[in-house]
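Notes for the one structure printed next.
Quantities reported herein were computed from a predicted structural model and do not represent experimental measurements. Reckoned from all heavy atoms, side chains included, excluding hydrogens, waters and symmetry mates.
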Amino acid sequence: MTLHLIPPAPKPDDPPNSRAKRASKPADMVQCPRCGGREVMETVIGAMIQARKLKGGTRQIICVGCMMKGERVVLG
């Protein structure tokens, strides 16, 4: 049996996220500067529950794509 070597695939010119960063969007839309993602979630740090309602705390918007990779990127 003969071993056939396959040449390595050429590397793409652009990283996979650069296309998302260049895509058109409204001026007010939130976009992650690190990955270009537009999916966000709101977190609350230091909140308390009083009478079954969330009170106080510091609210931040973070990128979901980066959070899934173990990074915390705060947007605004």
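In this structure, CZ on R59 lies 11.5 Å from CD1 on I45, to the nearest 0.5 angstrom.
What you find for L75 and P33 is that their closest heavy atoms are CD2-CD, 3.5 Å. Of all heavy-atom pairs between K69 and C35, the closest is NZ-CB, 4.2 Å. In plain terms, the two heavy atoms of V44 and G56 that are nearest each other are CG1-O, 4.0 Å.
Residues T2 and H4 have side chains in contact (heavy-atom distance under 4.5 Å, counting atoms from C-beta outward). You'll find the side chain of M29 reaches within 4.5 Å of the side chain of R38, heavy atoms only.
Not counting sequence neighbours, E39 has no partner by the side chain to side chain donor-acceptor pair (under 3.5 Å) test.
Counting only residues at least two apart or on different chains, no salt bridge (charged side-chain N to carboxylate O under 4.0 Å, His left out) pair has a member in residues 44-57.
V64 forms part of a hydrophobic cluster together with M41, I62, M67, M68, V74, judged by ILVMFWY side-chain heavy-atom separations under 4.5 Å.
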